[in-house]
Amino acid sequence: VDQGPVDALQGRNRARFLHEAGVELMTSLQSKEPDDVMTTGLADLDDVLGGYYVGDLVIGAGRPSMGKSTFVTSTMMRSARHGAVLLFTLEMSAESVTARCASDISYKPSDGIAYARMMPGKRRGLSGHELERIAVATDLFQSFPVVIDERGGLSVAQIRARATREAQRLSVKGHRLRLVIVDHLGLVNAGDRSSGNRAVDLGEMTSAFKAMAKDLGVTVLLLSQLNRGVEQRDDKVPKLSDLRDSGRIEEDADSIFTFYREAYYLSRETGGSTDEALAREDQLRAVANDLDIHVVKNRHGRIGTVKAWVDMACAAVRDYPRPGEHERRE
């Protein structure tokens with residue numbers, strides 16, 4: 001079997017003189033499309049983060065329902081225009097991921113098809129026109145070299161072995177594996193080497209994922225949950241310290257960004273006067289499609305907040321409209 005990028009990476013990771021690394025740097029700088037970085041799928045996030053770099057461990061963290069998985073299923077197809085993507089979905093089924101992707105590709109701001117309507121038990125409500133749009137979307141899947149691995153309970157070692165095998169298989173088909181996504185860290189099996197201490201185990205896992213990124217020549221995007229303590233604060237905007245057992249995770253990660261949707265919390269607030277309730281409804285309408293992505297660590301550049309646009313029901317994430325834009329582009 002052709003080892004492809006795996007063999008190339010073994011050469012890349014050898015010890016070498018500084019002047020040799022300098023030649024490689026100049027070659028990369030002079031290339032119109034550097035092979036060591038790929039898009040995150042959002043231009044505004046690329047502007048802050050710099051994109052996904054080869055050998056990097058990137059953490060995407062948030063509380064449940066903040067848009068982590070929605071971000072992944074929407075943006076990974078745009079990332080896949082620049083290289084193959086392997087998604088380990090340890091919680092969702094491949095069918096659910098596929099429905100989200102079809103909803104995203106077929107998305108129209110005024111006429112979206114919610115991915116839930118493509119799941120078993122709800123399909124009879126789809127019109128002929130909607131089925132045609134979904135068919136067109138699924139036909140487009142062949143344009144995106146994305147591989148979905150839906151087996152649950154995998155350890156880091158198993159994920160690495162499967163990623164190595166997929167890299168080789170993709171290479172035979174003319175694709176280079178560039179991005180490995182794991183959704184999510186909390187569902188990764190500690191395996192036989194578990195210490196019995198979850199904080200220690202998570203640290204060992206993130207170190208192993210970082211090593212995997214370097215050894216396979218890919219970016220590893222690892223989704224992670226935030227501590228429940230976020231829910232107890234008045235200000236629920238996540239901080240770096242909100243990462244579960246954040247010490248080792250923060251140390252191992254090259255970049256970390258967190259997800260926050262004000263609409264999620266506003267929709268769950270109750271009580272107050274009539275005027276307060278009306279003001280809350282107005283604010284909810286104003287931020288209904290806001291997804292704030294806070295870059296809280298970045299070894300390649302600056303930190304900052306990126307405002308994205310999201311339709312959670314249709315699993316669609318886009319760059320936020322510029323002033324004067326009235327609707328999202330497809």
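Worth knowing before you read on, the calculation uses all heavy atoms, side chains too, and leaves out hydrogens, waters and symmetry mates. Residue numbers run from 1 in the order of the sequence given.
- Less than 6.0 angstrom separates the ring centroid of Tyr53 from the ring centroid of His300.
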Enumerate donor-acceptor pairs with a distance under 3.5 Å from any side-chain N or O in residues 271-284 to protein atoms, sequence neighbours excluded.
{"from": "Ser273", "atom 1": "OG", "to": "Glu276", "atom 2": "N", "distance (Å)": "3.2"}
{"from": "Glu276", "atom 1": "OE1", "to": "Ser273", "atom 2": "N", "distance (Å)": "2.8"}
{"from": "Arg280", "atom 1": "NH1", "to": "Gly271", "atom 2": "O", "distance (Å)": "3.4"}
{"from": "Arg280", "atom 1": "NH2", "to": "Gly271", "atom 2": "O", "distance (Å)": "3.1"}
{"from": "Asp282", "atom 1": "OD1", "to": "Arg285", "atom 2": "NH2", "distance (Å)": "2.3"}
{"from": "Gln283", "atom 1": "NE2", "to": "Glu262", "atom 2": "OE2", "distance (Å)": "3.3"}

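- Under the 6.0 Å cut-off for aromatic ring centres, Phe259 and Tyr264 do not qualify, their centroids lying 6.0 Å or more apart.
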Begin from the C-alpha positions of Arg151 and Arg162 and carry the test side-chain contact (heavy atoms from CB on, under 4.5 Å) through to its verdict.
CA-CA 11 Å; Arg151 181 180 171 184; Arg162 285 170 173 252; 2.9 Å; yes
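- The only member of Asn298, Val58, Val296 that meets side chain to side chain contact (heavy atoms under 4.5 Å, CB included) when paired with Phe257 is Val58.
- At a threshold of 4.0 Å, the pair Arg63-Asp242 does not count as salt-bridged, since none of the basic side-chain nitrogens sits closer than that to a carboxylate oxygen.
- Counting only residues at least two apart or on different chains, no ring pair (Phe, Tyr, Trp, His ring centres under 6.0 Å) pair has a member in residues 199-239.
- A donor-acceptor contact under 3.5 angstrom links the side chains of Asp252 and Ser207, judged on distance only.
- A salt bridge is defined here as a Lys NZ or Arg NE, NH1 or NH2 lying under 4.0 Å from an Asp or Glu carboxylate O, and Asp290 with Lys307 meets this definition.
- A salt bridge links Asp104 with Arg318; the closest basic N to acidic carboxylate O contact falls under 4.0 Å.
- Ionic pairing of Lys297 and Asp254 is not present here: no N-O contact between side-chain nitrogen and carboxylate oxygen is shorter than 4.0 angstrom.
- Of the charged side-chain nitrogens involved, none lies within less than 4.0 Å of a carboxylate oxygen, so that Asp56 and Lys214 do not count as a salt-bridged pair.
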Could you walk me through whether Arg133 and Glu130 pass salt bridge (charged side-chain N to carboxylate O under 4.0 Å, His left out), step by step?
CA-CA 5 Å; Arg133 286 170 55 191; Glu130 288 173 328; 5.5 Å; no
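- Checked by atom type, the side-chain pair Ser224/His184 shows no donor-acceptor distance below 3.5 Å.
- Not one N or O on the side chain of Ser74 forms a donor-acceptor pair closer than 3.5 Å with the backbone of Phe71.
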